[in-house]
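Following: one structure in structure tokens, then a few remarks.
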Number of protein chains: 2
Amino acid sequence: MSGILQALREQQHHMNPKEQILAQFILEHAHEAVHLSITELAGRSGTSAATVSRFCRSLLFKSYGDFRMKLAAELVQPVSAKPSYQDIVAGNTLHSIAQAIETNHLRSISDTTRQLDLTEVQRAVDALHDARRIDLYGMATSGMVAYDCQQKLVRIGKMAQHWADSHMQITSATSLGEGDVAFAFSYSGETPETLDALLCAKERGATTISLTKFGANRISQLADIRLYASSLEEGMRRGDMASRIAQLHVVDILFTALLSLHFDDYVPLLEQSFQEVKKYRKEKGR
Amino acid sequence: MSGILQALREQQHHMNPKEQILAQFILEHAHEAVHLSITELAGRSGTSAATVSRFCRSLLFKSYGDFRMKLAAELVQPVSAKPSYQDIVAGNTLHSIAQAIETNHLRSISDTTRQLDLTEVQRAVDALHDARRIDLYGMATSGMVAYDCQQKLVRIGKMAQHWADSHMQITSATSLGEGDVAFAFSYSGETPETLDALLCAKERGATTISLTKFGANRISQLADIRLYASSLEEGMRRGDMASRIAQLHVVDILFTALLSLHFDDYVPLLEQSFQEVKKYRKEKGR
DNA sequence: GATGAAGAAGAAAATAATTTTCATCATTTT
DNA sequence: AAAATGATGAAAATTATTTTCTTCTTCATC
């Protein structure tokens, strides 16, 4: 079980009463729900159309239609087609560990791709392309993803910075402005340091992009452009491993799209930086 | 190819002119089409909303919405149906880019798992567990992997260091000795800076581990314990993206194995570090 | 070649669906 | 207990979709 239904299950208990009822109905009758109009769904679940509409948008879908389509896409994949996420416990054999991690990573990549909103990707690509300066925020594991993204952007001549230090993140955010981009990475979407930096950047007029786990969270709520990476089930140990892979996967798609859409601008730079590294080594006597 | 798209292709030539145009557009931009409203689709395909509506109903769908949902469901392919590695060129659509990267990453993870030598993994786990100090070497993209590995090791109380700076790598390697571990990450297996550091560590008596692409290469030749991550086909552009994912995958397996085999030693530490981060934040007033 | 029948297609009207606004009610805070 | 906050549904506004109606084209027949 993954994605939308998973997010519903996790967030159900933090919802308003009627929204909980609605979430419960959808969880129990998902296959039926996707065929219902908003009014029908409201009727069947004992709520109102207004509540359903608000519900979808509070889960950060663009509309009820958007929600319904993404749910439908999620439901077509028969559960049997792919093994689901597996947790890791003490005393497993090496083989079962490798197997479980493989399953988690594969799943997390395909879930992420499936739920990727290409319109948002396009917007992110455009924002990055047009950006004067790019700031990347992320702590711990997500800091790594931010760093990876920075490396890629620098290689194509973008002015991109990542600060592992949370004070420097804020300091840097303070000097952003219109035409700049602030890109926040956070598995939970609630990391305070990352949130602060993004908020600061937004207040200065920078375009904000978020890459968080699926579902409503404070960081993506703040962002102009919202990207999501699949999350493991709540309570799963070390969910950040799969999440980090999924986030990198999204970064790869972004970067490749950026390259592909502006091939002539960037590819020569990339080639050049590769050659220069080689040349520099030769000069040192290799 | 199946269902709706197949039907469109077959029936296309028995349709009215505008419907043919519409069918053609949908066949060419299926993934885009499912995100469009009836008016948008009509606009993009050079027809009218009325035509689109009639088109859907003449194909025996209940409504445009019904058509759109079923098409969306059809476009989600099961993992098994995905092709092998794909290269990325200029001017691809976002969808094909996302698809290609997904395919590469999925493939690279399963290849890596399949070819993983669990005996070597076991040896690496033991070496890491027994290590007094662990040095991690890697440049650029592989530096990220090294950094990720360091983060994990530190969280379970290991003395692990990663230096992005090649001079510091050597400096640090110089002070290693028997009972220490030097772990080299390199996509190509030929990165001179990483090779130098590993060589230096080996000469001082440290146990050496390598994580490189498959096949003979100087770094793995030097290492006592050899791990491999799948590489994309030769000549593939930007193979380091998939390779990095594969390397992280191996790191995850290593780390999880380490945890699982010494559960009682490490898991409390991990739990503790997690709680401390939370507590520290609270004290700052959150 | 003119005439009319049949059907294709878009404009506009009608209908339906969705979102937003607004008023009400319940709950919590002061 | 009063005020403030927030949840909710009714209704209004907006938006999307379908149907109707009209025009235009094509093709068969005279």
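Each chain gets a letter, A, B and so on, in the order its sequence line appears, and its residues count up from 1. Worth knowing before you read on, the calculation uses all heavy atoms, side chains too, and leaves out hydrogens, waters and symmetry mates.
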Closest non-hydrogen atom pair between Ala33(B) and Tyr64(B), with its separation: O-OH, 4.0 Å
Leading and trailing nucleotides of DNA chain C with any atom under 4.0 Å from heavy atoms of chain A: dT18(C) to dT21(C)
For Gln12(A), side chain to side chain donor-acceptor pair (under 3.5 Å) partners two or more places apart: Gln24(A)
Sugar-phosphate only, base, or nothing, as touched by Arg57(B) at under 4.0 Å among non-hydrogen atoms: sugar-phosphate
Letter per nucleotide, 5' to 3', of nucleotides 11-16 of chain D [B base touched, S only sugar-phosphate touched, - untouched; heavy atoms, 4.0 Å]: ------
Side chain to side chain contact (heavy atoms under 4.5 Å, CB included) evaluation trace for Glu74(A) with Gln115(A): CA-CA 8 Å; Glu74(A) 179 167 311; Gln115(A) 288 170 351; 3.0 Å; yes
Contact residues, residues 18-27 of chain A to DNA chain C [heavy atom, < 4.0 Å]: none
Residue mapping more 5' on DNA chain C - nearest nucleotide basis, Arg54(A) or Leu36(A): Leu36(A)
Residue pairs involving residues 40-63 of chain B (criterion ring pair (Phe, Tyr, Trp, His ring centres under 6.0 Å); sequence neighbours excluded): Phe61(B)-Phe67(B)
Sole candidate of His31(B), His29(B), His35(B) that passes ring-ring contact (aromatic ring centres under 6.0 Å, His included) when paired with His95(B): His31(B)
Short side-chain N/O contact to dG6(D) OP1/OP2 from Asn16(A), under 4.0 Å: no
Salt bridge flag under 4.0 Å for residues Arg226(A) and Glu120(A): no
Any donor-acceptor N or O pair under 3.5 Å, side chains Thr47(A), Arg54(A): no
Least distance between heavy atoms, Ile225(A) atom then Ala127(A) atom: CD1-CB, 4.1 Å
Results of side chain to side chain donor-acceptor pair (under 3.5 Å) for Asp66(B) - residues two or more places apart only: Lys70(B)
Ionic contact status for Asp180(A) with Arg204(A), cut-off 4.0 Å: no
